[in-house]
There are 2 protein chains.
Amino acid sequence: MYAPYILVCEDEERLRKLIVKYLINEGYNAIEAKTGKEALDIFFEQSIDLLILDIMLPEYDGWSVCRSVRKESNIPIIMLTARSDEGDRIFGFELGADDYVTKPFSMKELMMRVKALLKRTRNISGEEKTTLGDITIDSKAHKVYVKDKEVDLSPKEYDLLHYFSQNIGIAVSREKILDKVWGYDYYGDLRTVDTHVKRLRKKIDISDVKIETIRGIGYRLEVNHE
Amino acid sequence: MYAPYILVCEDEERLRKLIVKYLINEGYNAIEAKTGKEALDIFFEQSIDLLILDIMLPEYDGWSVCRSVRKESNIPIIMLTARSDEGDRIFGFELGADDYVTKPFSMKELMMRVKALLKRTRNISGEEKTTLGDITIDSKAHKVYVKDKEVDLSPKEYDLLHYFSQNIGIAVSREKILDKVWGYDYYGDLRTVDTHVKRLRKKIDISDVKIETIRGIGYRLEVNHE
DNA sequence: TTAAATGTGTCAAATAAGTGACAATACAAG
DNA sequence: CTTGTATTGTCACTTATTTGACACATTTAA
């Protein structure tokens with residue numbers, strides 16, 4: 001059983017330690033960051049499943065961190081703030097925060113929100129069925145359907161689609177794709193990604209899910225809602 | 001007569017002991033787990049026929065445990081919850097729980113549900129006869145019929161088919177098959193599985209039950225409904 | 001218009017799975 | 001205990017699919 005990794009970014013030591021203690025008690029892995037910079041460093045270095053983020057931070061405030069993380073990932077973000085200002089809240093959601101907790105708050109409340117968010121996203125990226133527009137990925141059966149018709153994907157195509165499905169709407173570089181789908185130790189041509197994208201595109205042709213090209217960067221999976 | 005093994009995962013000691021006592025009184029084998037982690041450890045180690053699972057648990061909540069178990073098995077799962085929240089209930093069913101009991105409940109009620117679920121699934125994994133499309137497995141007599149004609153399977157072939165029958169539509173790796181059919185301590189060639197799949201396929205040739213190959217992964221039993 | 005980036009068809013090599021043969025083993029009957 | 005038979009696991013060989021690379025076509029942005 002996998003225990004999710006939660007990054008806690010909060011400059012006030014007592015509160016940070018308290019949150020971490022509670023998280024560990026709930027069976028999570030908790031990682032601490034004191035500053036925004038530190039949080040980003042950790043985030044880009046290891047695989048984080050959820051981020052608890054104070055807004056008032058030294059070295060990049062919560063907003064900046066949130067924005068940077070969102071460019072790269074869809075992991076749930078919970079923002080903490082001392083102010084209960086409604087504007088902040090709206091601004092936070094705009095930036096892509098998933099939840100918002102106003103200080104002071106009870107640890108119980110925070111834990112409930114953590115649990116709820118993980119529950120939600122685990123459902124999406126997790127092991128059951130994932131729906132992307134008219135594509136369904138049944139990872140238990142290892143099957144993919146487009147408009148309820150099963151399509152036959154090769155292992156790499158499946159892995160690639162699965163990776164994209166976890167990064168909907170996010171531009172991913174060829175380097176990162178190679179890293180995540182082929183493995184960090186894979187040594188090969190970057191353009192190999194292009195070839196596989198080509199093949200995958202062909203197979204999900206009739207879908208409204210499209211793999212967009214981001215010139216100079218890489219690719220991005222888009223779900224066209226109609 | 002085989003007494004089913006029931007794993008009770010509940011952190012509250014009094015309730016756990018009570019459930020166990022009733023189960024034993026009904027003639028079942030009951031095994032206790034205090035935390036989600038403990039439950040998973042036990043589940044992956046021994047053969048469990050039914051799982052009674054509290055939602056609020058230390059070290060992995062009920063949802064996580066349910067999901068992990070479902071990745072591996074179709075055994076019936078009964079979820080217990082303090083809240084009668086409808087959303088939880090729906091979420092539970094989505095994750096693959098078979099039944100749902102809201103606290104407080106009577107032991108009589110719980111026992112009835114246990115019995116009902118075991119009866120339903122005993123047909124699948126247990127004592128009597130299992131039907132997969134046009135294949136019937138009579139586990140009591142250790143006989144297999146395809147289109148009402150008995151086929152002669154070797155012990156390993158029988159075990160393999162039986163294992164597949166408990167994982168209909170689920171992708172299973174060669175490793176897992178070796179683990180579950182040959183035993184976790186078996187040391188041998190992965191490709192042995194291929195050979196046995198070949199033999200089994202030949203014998204259930206005329207059936208509409210097929211063992212599909214999943215390249216790079218393993219196999220999957222499919223029942224073609226016509 | 002041009003240079004850089006991306007799309008795409010093709011192909012050889014690599015990888016994975018299917019299969020038949022065989023020796024070792026287990027097992028049952030005499 | 002011995003013999004004959006079925007079962008099992010491994011291996012080598014065959015077949016099928018997948019993969020990565022590359023050359024050339026096309027698109028894009030400046």
Side-chain angles (χ1 to χ4, degrees), chain A residues 141-144 150-164 170-207 209-222, chain B residues 142-144 150-164 171-207 209-222:
Chain A
H142 214 266
K143 280 182 174 180
V144 173
E150 188 181 346
V151 290
D152 187 47
L153 298 187
S154 80
K156 269 282 170 323
E157 286 158 5
Y158 182 92
D159 291 346
L160 186 59
L161 178 62
H162 185 259
Y163 176 65
F164 273 126
I170 291 175
V172 283
S173 65
R174 292 180 174 74
E175 285 85 350
K176 187 167 255 178
I177 294 174
L178 269 190
D179 231 48
K180 295 289 182 180
V181 178
W182 273 256
Y184 70 94
D185 53 353
Y186 177 78
Y187 159 78
D189 194 335
L190 274 186
R191 297 297 309 283
T192 294
V193 174
D194 296 39
T195 297
H196 282 270
V197 166
K198 167 192 65 182
R199 289 174 185 152
L200 186 52
R201 275 175 172 160
K202 200 169 206 168
K203 292 201 180 175
I204 62 170
D205 198 11
I206 54 166
S207 167
V209 177
K210 299 294 176 196
I211 300 169
E212 313 273 359
T213 302
I214 319 281
R215 228 185 141 72
I217 307 282
Y219 297 96
R220 182 181 55 211
L221 191 84
E222 289 284 350
Chain B
H142 226 261
K143 282 181 177 177
V144 173
E150 187 181 345
V151 289
D152 186 46
L153 297 187
S154 79
K156 268 283 171 315
E157 286 159 5
Y158 180 89
D159 291 347
L160 185 58
L161 180 62
H162 184 257
Y163 176 65
F164 272 126
V172 283
S173 66
R174 292 180 174 73
E175 286 85 350
K176 191 170 273 177
I177 294 173
L178 267 192
D179 233 48
K180 295 290 181 179
V181 178
W182 273 257
Y184 70 95
D185 54 353
Y186 177 79
Y187 160 79
D189 194 335
L190 275 185
R191 297 295 309 280
T192 295
V193 174
D194 296 39
T195 297
H196 281 269
V197 165
K198 169 191 64 181
R199 289 172 184 155
L200 185 52
R201 274 175 172 161
K202 200 168 205 169
K203 292 200 181 176
I204 62 169
D205 197 12
I206 54 165
S207 166
V209 177
K210 299 293 175 197
I211 300 168
E212 314 269 0
T213 301
I214 309 174
R215 238 165 188 272
I217 304 282
Y219 297 96
R220 178 183 55 214
L221 191 84
E222 289 280 355

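Reminder, nothing fancy here: chain letters follow the sequence lines and each chain counts from 1.
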**Student:** Just say parallel, tilted or perpendicular for the rings of H142(B) and Y158(B), cut-offs at 30° and 60°.
**Tutor:**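 Judged by the thresholds at 30° and 60°, the geometry between H142(B) and Y158(B) is parallel.
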
**Student:** Just to verify, what does R201(B) make a side-chain contact (heavy atoms from CB on, under 4.5 Å) with, not counting sequence neighbours?
**Tutor:**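 Scan of R201(B) (side-chain contact (heavy atoms from CB on, under 4.5 Å), adjacent residues dropped) gives V197(B), I211(B), T213(B), Y219(B).
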
**Student:** Return the set of residues passing side chain to side chain donor-acceptor pair (under 3.5 Å) with S207(B) (not counting sequence neighbours), or none when no residue passes.
**Tutor:**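 Counting only residues at least two positions away or on another chain, S207(B) forms a side chain to side chain donor-acceptor pair (under 3.5 Å) with D134(B).
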
**Student:** Go through the structure and list residues passing side-chain contact (heavy atoms from CB on, under 4.5 Å) with I206(B), not counting sequence neighbours.
**Tutor:** V146(B)

**Student:** Considering residues at least two apart in sequence or located in another chain, which fulfil the side chain to side chain donor-acceptor pair (under 3.5 Å) criterion with R215(B)?
**Tutor:**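 Side chain to side chain donor-acceptor pair (under 3.5 Å) list for R215(B), sorted by chain: empty.
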
**Student:** Enter the distance from I214(B):CD1 to R174(B):CZ here, rounded to the nearest 0.5 Å.
**Tutor:** 10.0 Å

**Student:** Partners of K156(B) by side chain to side chain donor-acceptor pair (under 3.5 Å), sequence neighbours excluded?
**Tutor:**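 Not a single residue meets the side chain to side chain donor-acceptor pair (under 3.5 Å) criterion with K156(B).
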
**Student:** Under 4.0 Å between any heavy atoms, over every strand shown, what does L153(B) touch: base, sugar-phosphate, or nothing? Just pick one.
**Tutor:** nothing

**Student:** If the condition is side-chain contact (heavy atoms from CB on, under 4.5 Å), which residues does D159(B) pass it with, not counting sequence neighbours?
**Tutor:** V181(B)

**Student:** Rounded off to whole Å, could you give me the CG-to-C1' distance for the D152(A) and dA16(D) pair?
**Tutor:**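 The answer, rounded to whole Å, is 13 Å.
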
**Student:** So, using salt bridge (charged side-chain N to carboxylate O under 4.0 Å, His left out) as the criterion, who are the partners of E150(A) when residues are at least two apart?
**Tutor:**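 E150(A) satisfies salt bridge (charged side-chain N to carboxylate O under 4.0 Å, His left out) with K143(A) once adjacent residues are dropped.
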
**Student:** Check every strand shown and say whether Y158(B) touches a base, only sugar-phosphate, or nothing at a heavy-atom separation below 4.0 Å.
**Tutor:** nothing

**Student:** Looking at residues at least two apart in the chain, or sitting in another chain, which of them share a salt bridge (charged side-chain N to carboxylate O under 4.0 Å, His left out) with E212(A)?
**Tutor:** none

**Student:** Using five pairs at each end of the helix from dT1(C)-dA30(D) to dG30(C)-dC1(D) to define an axis, what is the angle between those two axes, to 10°?
**Tutor:** 40°

**Student:** Check every strand shown and say whether I214(A) touches a base, only sugar-phosphate, or nothing at a heavy-atom separation below 4.0 Å.
**Tutor:** sugar-phosphate

**Student:** If you assign R215(A) and K202(A) each to the DNA chain C nucleotide with the nearest heavy atom, which residue ends up on the more 5' nucleotide?
**Tutor:** R215(A)

**Student:** Using whole Å, what does the distance between atom C1' of nucleotide dT8(D) and atom CG of L160(B) come to?
**Tutor:** 13 Å

**Student:** Measure CG/L200(B) against P/dG9(D) and give the value in whole Å, please.
**Tutor:**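 Checked: the CG to P distance equals 14 Å.
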
**Student:** Among residues at least two apart in sequence or on other chains, which ones pass side chain to side chain donor-acceptor pair (under 3.5 Å) with K180(A)?
**Tutor:**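 Per chain and number, K180(A) pairs via side chain to side chain donor-acceptor pair (under 3.5 Å) with no residue.
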
**Student:** Just the endpoints, please: which first and last nucleotides of DNA chain C, 5' to 3', lie under 4.0 Å from a heavy atom of chain A?
**Tutor:**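 Nucleotide range in contact with chain A: dA4(C) to dT10(C).
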
**Student:** Between the protein and nucleotides 19-26 of chain D, list every N/O to N/O distance that falls short of 3.5 Å.
**Tutor:**
from: dT19(D); atom 1: OP1; to: K156(A); atom 2: N; distance (Å): 2.9
from: dT19(D); atom 1: OP2; to: S154(A); atom 2: OG; distance (Å): 2.3
from: dG20(D); atom 1: OP1; to: W182(A); atom 2: NE1; distance (Å): 2.8
from: dG20(D); atom 1: OP2; to: W182(A); atom 2: NE1; distance (Å): 3.1
from: dG20(D); atom 1: OP2; to: H196(A); atom 2: NE2; distance (Å): 2.8
from: dG20(D); atom 1: N7; to: R199(A); atom 2: NH2; distance (Å): 3.4
from: dG20(D); atom 1: O6; to: R199(A); atom 2: NH2; distance (Å): 2.6
from: dA21(D); atom 1: OP2; to: D189(A); atom 2: N; distance (Å): 3.0
from: dA21(D); atom 1: OP2; to: T192(A); atom 2: OG1; distance (Å): 2.5

